[in-house]
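Every number for a ligand or one of its atoms is a count from 1 in the order of the listing. Note that the numbering runs from 1 along the sequence shown for the chain. Predicted model only: the values in this text are computed from it and were never measured.
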Amino acid sequence: MSQQVSINKDNIVDFIQGLFERRGDDWYMGEPVTMAQHMLQSAYFAEKAGADDELVVSALLHDIGHYTSEFPEDCLQNGVDNDHENAGADFLAPYFSARVIDPIRMHVATKRYLCATNPSYYKVLSDASKQSLEVQGGPMDEAEVAEFEQEPNYKDAVRVRHWDEAGKDPELNVPSLDHYVPKIRQLVEQHSRESS
Ligand SMILES: [Fe+2]
């Protein structure tokens, strides 16, 4: 059931926190971790790799599009679609920079890209991820690879995708969402200043 509140730059961070509280314990489809574990571990690996805040938050929020049932109806009416990568990117786009949003929007395409260009990558995919690859169109062909490499933030998308893949360890304890909230707030404020 969609919430009947409107999201804006002043409540988006609270909304994200609420989402983690309400739905974080959902199992991540086909993986041995919950959604919160998966997203927090992805952010943890980004931070560990020395990524800047935009990429850490991108990794943290990359799968938020799995929660479209939690998005307010006005967001859905505004064209948020059913593919989880586009749903998440469209939902967050008013509040974050392109470096946060592009790796989210591209994270499924990036898997297809890496399977085409990096032979060892396919081997590290989980079984669930290998299965969904087929539904998502399989590895990119040459023309798709060339087009993908025209995207300005495609290298960042590749980095986020590797952290996404790493964030599926049921034994790994990582910082909670609270650790990232100041970064998220700061990015929302920065984007609001720059886009006004
Ligand atoms: Fe993911």
Side-chain angles (χ1 to χ4, degrees), residues 16-17 19-49 51 53-71 80-93 96 99-118 120-140 148 151 153-177 179-180 183-184:
I16 291 168
Q17 285 182 288
L19 206 52
F20 269 75
E21 274 163 29
R22 287 192 302 277
R23 304 293 302 277
D25 289 340
D26 291 4
W27 285 99
Y28 184 33
M29 259 181 311
E31 306 287 359
V33 287
T34 65
M35 288 299 294
Q37 279 177 310
H38 173 57
M39 293 167 78
L40 292 168
Q41 287 184 10
S42 301
Y44 164 80
F45 283 112
E47 207 167 39
K48 198 172 159 207
D53 289 353
E54 285 176 305
L55 292 193
V56 171
V57 170
S58 185
L60 176 71
L61 301 178
H62 77 273
D63 267 337
I64 203 166
H66 283 300
Y67 295 119
T68 45
S69 62
E70 298 269 338
F71 293 176
V80 170
D81 77 19
N82 287 330
D83 292 333
H84 84 278
E85 67 277 23
N86 285 319
D90 288 346
F91 175 66
L92 295 172
F96 295 95
R99 279 191 76 238
V100 177
I101 300 302
D102 288 357
I104 296 174
R105 188 179 303 286
M106 293 162 73
H107 81 269
V108 171
T110 307
K111 178 167 76 169
R112 297 185 56 229
Y113 170 77
L114 284 169
C115 285
T117 57
N118 182 345
S120 57
Y121 175 77
Y122 182 80
K123 292 187 202 129
V124 306
L125 288 181
S126 63
D127 289 343
S129 208
K130 280 178 183 155
Q131 256 167 25
S132 58
L133 173 70
E134 297 315 314
V135 181
Q136 290 155 349
M140 284 184 172
F148 184 85
E151 294 288 338
N153 292 321
Y154 86 92
K155 288 185 178 165
D156 290 330
V158 166
R159 297 183 76 197
V160 170
R161 184 72 219 188
H162 285 300
W163 302 321
D164 174 1
E165 233 57 71
K168 297 175 181 177
D169 180 350
E171 306 298 329
L172 181 66
N173 286 316
V174 295
S176 71
L177 183 66
H179 173 72
Y180 300 101
K183 291 184 200 299
I184 307 173

Check this for me, if you would: do Lys183 and Glu47 make a salt bridge, where the nitrogen-to-carboxylate-oxygen distance has to be below 4.0 angstrom?
yes

Decide side chain to side chain donor-acceptor pair (under 3.5 Å) for Tyr113 and Arg161; before the verdict, give the C-alpha distance in whole Å, the side-chain angles of both, and the deciding distance to 0.1 Å.
CA-CA 10 Å; Tyr113 170 77; Arg161 184 72 219 188; over 6 Å; no

Taking both backbone and side chain into account, is any N, O or S atom of His62 nearer than 2.8 Å to the Fe ion (ligand 1)?
yes

Only N/O/S atoms count here: what is the atom of Asp164 closest to the Fe ion (ligand 1) called?
OD1

Tell me yes or no: between the side chains of His107 and Asp164, is some donor less than 3.5 Å from an acceptor?
no

Row for the Fe ion (ligand 1): angle NE2 (His38) to OD2 (Asp63), 10° precision, value 90°

Between the side chains of Tyr28 and Asp63, does any donor sit under 3.5 Å from an acceptor?
yes

